There are 2 protein chains.
Amino acid sequence: MDLDALPFDVFAKDCPSRGTLEHVTGRWGALTLGALHEGSFRFNELRRRVDGVSEKMLSQTLHALERDGLVHREAQPTNPPRVDYTLTPLGREVSERLLALIQCVQGRMEDVLGARERYDEVRGAR
Amino acid sequence: MDLDALPFDVFAKDCPSRGTLEHVTGRWGALTLGALHEGSFRFNELRRRVDGVSEKMLSQTLHALERDGLVHREAQPTNPPRVDYTLTPLGREVSERLLALIQCVQGRMEDVLGARERYDEVRGAR
DNA sequence: CAGCATCCGCAGTGATACTG
DNA sequence: CAGTATCACTGCGGATGCTG
């Protein structure tokens with residue numbers, strides 16, 4: 001497949017797809033999409049699932065993904081408030097590819113760790 | 001597939017797979033792996049292909065990917081020096097999934113841009 | 001050509017406090 | 001619960017200069 005034939009080329013520095021790709025692959029974006037692939041979550045459920053994310057970063061990440069049309073936000077005007085986040089159809093398409101990547105990396109961590117040891121051994125450690 | 005059954009869980013904040021995932025999906029890591037998927041490149045060829053990357057960041061990115069066993073570095077002691085970068089078999093596995101993701105995002109940019117417009121319209125722009 | 005060393009500004013990030 | 005607001009800090013990443 002010829003990438004250059006597409007209307008958007010991520011390799012060009014001013015292409016808007018770079019921004020979206022960064023939202024998707026960013027540290028918190030990737031984990032958030034990965035979590036939401038398993039179903040619907042509330043804000044604090046997500047916060048617990050994505051271990052280590054701060055309130056602010058999760059909020060920020062969700063806004064970016066919602067704006068890009070990957071995440072759907074459903075707020076119920078109850079008290080206490082309840083907000084559920086789910087993937088949109090587009091988000092599901094993206095997250096499926098993303099999850100394939102994440103699982104590939106996870107599954108090959110043994111090899112990666114082995115490569116690191118060999119690398120660090122040749123060059124005088126660190 | 002049950003992620004919790006794997007020895008490495010990227011959702012846990014101290015899992016080493018998070019680091020590798022960030023090397024792979026980071027701004028420059030993703031584009032570098034994407035470029036190398038098309039074949040072998042020399043340093044400055046890569047620099048031109050990955051539009052906007054600085055010398056320092058490319059160098060740093062390549063080192064991280066090499067250490068993780070995803071990229072192979074072949075230096076020839078000629079003058080002028082010639083160094084070729086290629087994907088390792090492991091790197092090719094990862095980059096294939098990564099490229100599927102990149103192409104998915106690229107191909108759906110129209111939808112993303114549309115979603116943004118709708119989002120910005122409802123909320124008083126910016 | 002293929003890099004490493006150094007400096008440095010500022011945006012991204014996290015901790016904390018506060019609101020509806 | 002579901003966020004927003006504020007602030008201090010770090011380290012990403014660009015610019016520059018130099019080496020083999």
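Here is the naming used below: chain letters follow the sequence lines, and residue numbers restart at 1 for every chain. Given the structure is predicted, the values throughout are model-derived calculations rather than measurements. Values reported hereafter were calculated over all heavy atoms of this structure, with side chains retained and with hydrogens, waters and symmetry mates removed.
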### Task
Kindly point out which of dC1(C), dG14(C), dA2(D) is positioned nearest to the side chain of Arg42(A)?
dA2(D)

### Task
Find which nucleotide of DNA chain C each of Gln60(A) and Arg48(B) is nearest to by heavy atoms, and output the residue with the more 5' nucleotide.
Arg48(B)

### Task
Taking only the side-chain heavy atoms of Glu55(A) (C-beta and beyond), determine which of dA17(C), dC1(D), dT13(C) contains the nearest atom.
dA17(C)

## Note on the structure
Ranking dG13(D), dT6(D), dC4(C) by distance to the side chain of Arg27(B), first place goes to dG13(D)

### Leu90(B) backbone acceptor or donor facing Arg108(A) side chain under 3.5 Å
no

### Message
Rounding to an integer number of Å, can you tell me how far Leu62(A) CG sits from dA2(D) P?
### Response
11 Å

#### Entry: Nearest to side-chain heavy atoms of Val83(A), which nucleotide of dA2(C), dG13(D), dG3(D)
dG3(D)

### Task
Taking only the side-chain heavy atoms of Phe43(A) (C-beta and beyond), determine which of dC1(C), dA15(C), dG3(D) contains the nearest atom.
dG3(D)

#### Entry: Integer-rounded Å distance: dT19(C) P and Asn79(A) CG
17 Å

#### Entry: Tyr85(B) side chain, from C-beta outward: closest of dG3(C), dC4(C), dC1(D)
dG3(C)

### Task
Find which nucleotide of DNA chain D each of Pro80(B) and Val53(B) is nearest to by heavy atoms, and output the residue with the more 5' nucleotide.
Val53(B)

### Distance, rounded to the nearest Å, where Arg47(A) contributes CZ and dT4(D) contributes C1'
14 Å

### Message
Tell me whether Arg42(B) contacts the main-chain N or O of Tyr85(B) through its side chain, where contact means a donor paired with an acceptor under 3.5 Å.
### Response
no

### Query
Across the strands shown, which category fits Arg73(B) at heavy-atom distances under 4.0 angstrom: base, sugar-phosphate, nothing?
sugar-phosphate

### Query
Rounded to the nearest Å, what distance is computed from the CG atom of residue Asp84(B) to the P atom of nucleotide dG3(C)?
10 Å

### Query
Which one of Val50(B), Leu33(B), Leu58(B) satisfies the side-chain contact (heavy atoms from CB on, under 4.5 Å) criterion with Trp28(B)?
Val50(B)

### Message
Given 3.5 Å as the limit, does a donor-acceptor pair link the side chain of Asp68(B) with the main chain of Leu70(B), or not?
### Response
no

### Summary
Atom CD of Glu45(A) and atom P of dC1(D) are separated, to the nearest Å, by 10 Å

### Query
Would you find a donor on one side and an acceptor on the other, under 3.5 Å apart, between the side chain of Arg47(B) and the backbone of Val53(B)?
yes

### Side chain of Ser59(B) (C-beta onward), nearest among dC4(C), dG14(D), dG20(D)
dC4(C)

#### Entry: His63(B) vs dG3(C): side-chain N/O to OP1/OP2 distance below 4.0 Å
no

### Message
Using whole Å, what does the distance between atom P of nucleotide dC7(D) and atom CE of Met57(A) come to?
### Response
19 Å

#### Entry: Protein-nucleotide distance (Glu74(A), atom CD; dG3(D), atom C1'), rounded to Å
18 Å

### Summary
Rounded to whole Å, NZ of Lys56(B) lies from P of dT6(C) at a distance of 12 Å

